[in-house]
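Here the structure is laid out as structure tokens; the discussion comes afterwards.
Below, chain A is the first sequence line, B the second, and so on; all start at residue 1.
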Amino acid sequence: MSQVRVRFAPSPTGYLHIGGLRTALYNYLLARQTGGTFILRIEDTDRTRFVADAEDDILATLKWAGLDVDEGPEAGGECGPYRQSERSALYLRHASELVDSGAAYYAFDTPEELDAMRERLKSPQDPSPRYDCHTRGNMRNSLTLSPDDVATLLATGTPHVVRLLVEPGKTISFVDAVRDQVSFASEVVDDQILVKSDGMPTYHLANVVDDHYMSITHVIRGEEWLSSTPKHILLYEALGWTAPTMAHLPLILSPTGGKLSKRAAERQGIPVLVKQYQDAGYEPEALVNYLALLGWNPGDDREIFDLAGLVEVFSLERVGSAGVQFDLEKLAWFNGQHLRRLPVANLAERTATALASTGIEVDAAYVTEMVGLMQERVAFASELATTTGYFFSDPMSYDENGVKKRWKDDSAELVVAYAATLEAGIEDTPEAFEQALRQLTETREVGAGRLIHPARLAVSGVTMGPGLFEMMALLGSETCARRLRRAAQVLG
RNA sequence: GCCGCGUUCGUCUAGGGGUCUAGGACGCCGCCCUUUCACGGCGGUAACACGGGUUCAAAUCCCGUACGCGGUACCA
């Protein structure tokens, strides 16, 4: 089985966040590049944190981003089921196998007893004592209890967990595809709980078992898992399986370098859920492109990629190992870049829908023309509908700073004269509007800018927008003349 | 505290002993185009965390320190 098989394995404890999407993306890229398989596995072993619609959000978000899943709860596949809650029997079978072989043991300590142990052993040198080779001898488990006692406890249904037996004196090392060799002393690895007292496996057991049965070749996940990888390695060894290649991605940090927690991010105005980016009108291509470059680079100066382009050049070797700060401004730039590459029809349709929802009914062809003029001037598609009111109704006010800067003593008179020219009859083409304006300013022996700026202000109410003459041609001479006269009246 | 992983312009990064007076991108500033908006083009700003070592030569290798992040749960 040399086929690459990778998985994205989120737990449905909340909506998909950008870190998760990036992890999914890197997995996807490796799969597509190698002709391998991209698997989605739902790790829902924690019933206390389960969020009902999280799985739907994950599925929908992956689709939105264009990451097609080959095998998963929705896509199906030969290694299913793809929800861990539906695979309990498998985990339990291997848990007892581990106990039988001596690689794991039963522990009967109650949460209170655990707390008491930690409280008792706590010291400045060791603020958080672990359940490990140093402490297990004083606890209630199948290592310290007699076989008869253990059998009785088990038979009477006493709550218990299964723990991994970690022997001291060993060095556990593995080669990480992005960090090279990483080693841990087994003394600092605790006797990880494998099966909880509710009978559910923990992440560690379920993950290893599933990765094995799903023939996963590369585990690509966030760096937060690096420290638990020795436990996983131990499990693979105890189960007699070969561990897949590990690749731990650098974490995405907030713009100030701290962790990108939901709360911290909100304080800094950084959305962390992909859904929020969707709602804010980011292009999926832009988010994907930006996330791909966050911790990875192609090795040359190229930055703009679509999914297919990323698939071609991606490589695990070029993934960095230092945490990366999230930068909304650069994302915005990517958004503008991708926006410009979109077909006008696509944007026009979306803009028409957005306009309609605000009660502005307009001709599709007109919107298409407008979008054509605006497409390369905005960074977000939403601006096409929110900053273009003057295409649909006369401006109600005039930008204050613009007036201060551009509206001179002779502006009103010039603007009225221009209006008169338009009223005399003019072809609705940019060239005609431009010619008329230049002729007028030449006659008056003033610079064209003397009229261009006031005219823009009069026609749109703002100083920003498409080329003046293109805009006027689309608006039509009648509308323009009316607006010019009105501005002259209002601004004097 | 302990363990792990990191550390090149403000940010994302290239670079992996000499080609580094450290390259690209975002942002910012200026200029050009346009006597208009923007796109675009051009230019500028700005970095090898610190200290030791190895070497003829270190951003690059080694050690230490500092700092950051992660882990240290019957969460994932």
Side-chain angles (χ1 to χ4, degrees), chain A residues 9-13 43-46 48-49 107 109-111 114 118 122-131 159-163 176 178-179 182-185 187-190 192-198 200 202-204 206-207 221-230 248 250-251 253 255-259 290 293-304 318 320-334 336 340 373-378 406 434 437-438 441 446-457 460 462-471:
Chain A
S11 67
T13 55
E43 309 224 326
D44 55 348
T45 55
D46 185 358
T48 64
R49 297 203 303 155
D109 316 276
T110 64
L114 255 19
R118 295 200 175 99
K122 197 160 78 176
S123 70
Q125 289 74 35
D126 186 9
S128 53
R130 295 181 313 266
Y131 203 115
H160 62 277
V161 299
V162 175
R163 282 182 185 272
D176 187 287
V178 340
R179 288 152 214 279
V182 181
S183 312
F184 291 82
E187 286 79 19
V188 303
V189 179
D190 66 320
Q192 179 63 49
I193 290 183
L194 266 17
V195 179
K196 299 180 262 190
S197 58
D198 68 357
M200 288 293 263
T202 55
Y203 169 91
H204 306 89
N207 196 260
R221 73 223 307 191
E223 192 188 345
E224 73 268 27
W225 293 109
L226 192 58
S227 301
S228 27
T229 303
H248 289 93
L251 261 16
L253 311 174
T256 47
K259 48 194 119 175
Y290 176 62
L293 272 299
L294 207 53
W296 167 87
N297 73 82
D300 54 38
D301 289 343
R302 287 175 298 166
E303 288 203 288
I304 306 298
R318 295 206 65 87
S321 45
V324 289
Q325 296 182 207
F326 192 82
D327 181 12
L328 263 189
E329 298 214 18
K330 186 138 190 186
L331 207 210
W333 177 77
F334 274 108
R340 259 156 237 137
L373 294 183
M374 294 298 290
Q375 180 170 14
E376 65 176 30
R377 289 161 224 272
V378 297
R406 303 296 193 185
E434 176 157 18
L437 183 140
R438 293 195 189 283
T441 51
V446 294
R450 203 75 173 167
L451 180 50
I452 287 178
H453 292 290
R456 170 184 293 284
L457 214 41
S460 72
V462 292
T463 56
M464 265 188 43
L468 176 63
F469 306 115
E470 281 81 7
M471 174 169 66

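A/Arg456 comes within 4.0 angstrom of a base, heavy atoms only. Across all strands, A/Arg49 comes closer than 4.0 Å to base atoms (heavy-atom distances). Counting non-hydrogen atoms under 4.0 angstrom, A/Val161 reaches a base of the nucleic acid. A/Leu451 comes within 4.0 angstrom of no nucleic acid atom, judged by non-hydrogen atoms across all strands.
Under the 3.5 Å distance criterion, the side-chain polar atoms of A/Ser460 are left unmatched by any main-chain donor or acceptor of A/Leu457. No donor-acceptor pair under 3.5 Å is formed between the side chain of A/Arg130 and the backbone N or O of A/Gln192. In this structure, A/Gln325 contributes its side chain and A/Pro255 its backbone to a donor-acceptor pair below 3.5 Å. The main-chain N or O of A/Val162 is never found under 3.5 Å from a side-chain atom of A/Lys196 such that the two would form a donor-acceptor pair.
For the P atom pair drawn from B/C50 and B/A58, the interatomic distance equals 15 Å after rounding to whole Å. Nucleotides B/A14 and B/U8, compared at atom C1', are 10 Å apart to the nearest Å. Taking atom P in both B/C63 and B/U72, one finds a spacing of 27 Å when rounded to whole Å. The gap from the P atom of B/C33 to that of B/C42 amounts to 15 Å, rounded to the nearest Å. Rounded to whole Å, the separation between the C1' atoms of B/G24 and B/G44 comes to 16 Å. If you take atom C1' in B/C9 and the same atom in B/C26, they sit 12 Å apart, rounded to whole Å. Rounded to whole Å, the separation between the C1' atoms of B/U13 and B/C48 comes to 13 Å. Taking atom C1' in both B/G40 and B/G23, the straight-line distance is 22 Å, to the nearest Å.
Nucleotide B/U65 is matched to B/A49 when pairs are restricted to Watson-Crick or G-U wobble geometry with both distances under 3.5 angstrom. When both distances must be under 3.5 Å, the Watson-Crick or G-U wobble mate of B/U36 does not exist. When Watson-Crick and G-U wobble pairs are counted only if both distances are under 3.5 Å, B/G17 pairs with no nucleotide at all. Remark: B/G30 base-pairs with B/C42. Criterion, Watson-Crick or G-U wobble with two distances under 3.5 Å. Across all strands shown, the partner of B/U11 is B/A25, judged by Watson-Crick or G-U wobble contacts whose two distances both fall under 3.5 Å.
Nearest-nucleotide assignment on RNA chain B puts the 5′-proximal partner with A/Gly295, out of A/Arg163 and A/Gly295.
Between A/Lys330 and A/Glu303 a salt bridge is recorded (basic side-chain N to carboxylate O distance below 4.0 Å).
In this pair, A/Tyr203 and A/Trp225 present their aromatic rings parallel. The plane angle is below 30°, not in the 30 to 60° band.
Bounding nucleotides for the chain A contact on RNA chain B, 5' to 3', at a heavy-atom distance below 4.0 Å, are B/G1 to B/A76.
Exactly one residue among A/Arg221, A/Glu223, A/Arg179 makes a side chain to side chain donor-acceptor pair (under 3.5 Å) with A/His248. That residue is A/Arg221.
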